[in-house]
Amino acid sequence: MTIHNIEIAAKFNQIADLLEIQGENPFRIRAYRNAARELESLPQEITDMIQQGVDLTTLPTIGDDLAKKIEVMVKTGEIPYLKKLETQVPLVLSELLKVEGLGPKRVKTLFQKLNVQNADDLRKVIESGKLRTIKGFGEKLEQKISAGMLHVQEYSKRTRLSDAFPIVESFIKYFKKLKEVKQVECAGSFRRRRETVGDLDILISSNQAEKIITHFVNYEEVDEILSQGDTRSSVRLHSGIQVDLRVVDEASYGAALLYFTGSKAHNIAIRKMAVKMRLKINEYGIYRGEEQLAGKTEKDVYKQIGLAYIEPEMREDRGEIVLAQKNELPKLITLNDIKGDLHCHTTASDGDASIEQMVEKAQALNYEYIALTEHSKSLTIAHGLDEKRLLQQLELIDKLNAKLKKFVILKSMEVDILEDGTLDLSEDVLKQLDLTVCAVHSKFNLSERKQTERILRAMDNPYFNIFAHPTGRLINKRQPYAIDLDKIMQAAKERGCVLELNAQPERMELDDVHCLQAKNRGVKIVISTDSHSTSQLDNMKFGVFQARRGWLEAKDVINTHSLKELQRLLKRD
Ligand code: DGT
Ligand code: CA
Ligand code: CA
């Protein structure tokens, strides 16, 4: 059985949740969460590593005990320790943790004081007004929890793109081994790189459809066969995600790929164009009467209706068709364009890797620079650097830079924007940095007007360069905070500030529409991974996907430029 890293990570997070509800030792809880975080972003599958005999304890967050648990899980699909915990804590309680505003402590309180065990119970105590009578649960929190409950359902339906990635990779690998498969691709929202996917749409070209379908339903990760026909089938995998399969002839592969990549709106728009030209377009090809004009490749199909090839990420009917007609499509940014990462943490604050390890990995990615952005120590961030330790780090960077060839470590900090819009580092310190990455870490619940004013005031500080975490949302977990991004973009443009596209897979703040909006306003973007370990530097690809969905080109993104040009772009007037 292939157990994916995200499945192990999910179990570790469940263990941490249950331990937290039980009020266990915080260090043990943190150990599970850290390991889960590392597993989620590990570029290699744990299952493969075990097969190759890799010692799992070489991973920074995995000790002997967790390594054993992982090995058992990979063998059996279960972690007995989790099973045991589940008998001690009602399982339904951990469902409540999905509600925004409810952490393990609060879930435990609600269970003990009001015997709340599930969403229904929770709804009842809110309606009866009992919830707000509990110490620590005011009216405001009640509102937040009510709103959170509405989102839970919507969240549980869609899978994050980064979680779908390894699942799709295994699938494609499994099919590529079969000689009857000529071409195979995952179409749908996955190919358009939407930040979440509803289901997966696998397309295969072959003249042996029956064999392919049998191979499909026999895949070891299949939990349930939902439908099985001659050329199509749907299954649900153990991970919960649904997969639709279509098998077509090679002569129709391009047309089918176009159709199943969508989006639906894009399909409808091009079908209308075809109709105007008295042509018919469907998943088998483009036709004049009975004659197939094209169908083998997407490019051929687009060409028949006078369009240049449109990248999947742009196919949302947001104006891309007109640009394709005029042959004026943007040349979208690629991962290869990226020359450095401007948001990273090391062991100096809350990262897992040393400066040297981060530099080594950045060099392996062919980067020219990396900015170290530890947290500053403030009221809200206990593990941050105080000014004394920061100055020590700056000295160390000078020493390392003197030794490095064709690579530069940039001096930076993830500076906290305080409630009144001031930055929490003195000018004395700020002026020693090459750039600043500024973000809000507290008071997310201010009104939109106040939150926006707070950021604008911070941007007035001449040392403010990059506005990081611009929305504060967590995909499928936390809604963005209230902020007028349009105003912020306008101010950023005027002041020469840059907006961060945070590429942590669960964050992806900004979204695609924001990226396009920034581009139209002439505001520069930086794509940053906000890495807390070396492997997280590989998350850059997810940021690039999002940027492509927002039509960004290399020139719109500052970390595609050489160091010199980067420094020029960061300079404020
Ligand atoms: P998802 O799965 O919700 O993340 O989004 P998609 O875009 O993958 O949608 P899905 O799986 O329902 O369908 C895959 C593609 O098939 C979709 O992007 C476009 C095409 N498609 C589905 N239904 C229709 C339809 O009614 N009309 C047209 N023209 N295309 C459709
Ligand atoms: Ca889909
Ligand atoms: Ca589908």
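One-based numbering, in listed order, for ligands and for the atoms of each.
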Are the charged groups of [X] and [Y] less than 4.0 angstrom apart, N to O?
X    : Y    : value
E100 : K477 : no
R549 : E316 : yes
D300 : K303 : no
R33  : D17  : yes
K176 : E169 : no

Provide, to 0.1 Å, the distance between [atom] and the closest protein heavy atom, together with that atom's residue and name.
atom                    : value
atom 14 (C) of ligand 1 : F260 O, 3.6 Å
atom 29 (N) of ligand 1 : R271 NH2, 2.8 Å
atom 2 (O) of ligand 1  : D199 OD1, 3.0 Å
atom 3 (O) of ligand 1  : R158 NH1, 3.1 Å

Minimum-distance N/O/S atom that D201 presents toward the Ca ion (ligand 2): OD2
In D199, which N, O or S atom comes closest to the Ca ion (ligand 2)?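 This turns out to be OD1.
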Under 4.0 Å, heavy atoms only, figure out whether ligand 1 is touched by the backbone of [X], its side chain, both or neither.
X    : value
D201 : side chain
T261 : backbone
F190 : neither

Of all N/O/S atoms in D244, the name of the one nearest the Ca ion (ligand 3): OD2
N/O to N/O below 3.5 Å, does that happen between [X] and ligand 1?
X    : answer
S263 : no
R192 : yes
I268 : no

Report, as yes or no, whether the 6.0 Å neighbourhood of atom CZ on R318 holds more than 12 heavy atoms from other residues, nucleotides or ligands. yes
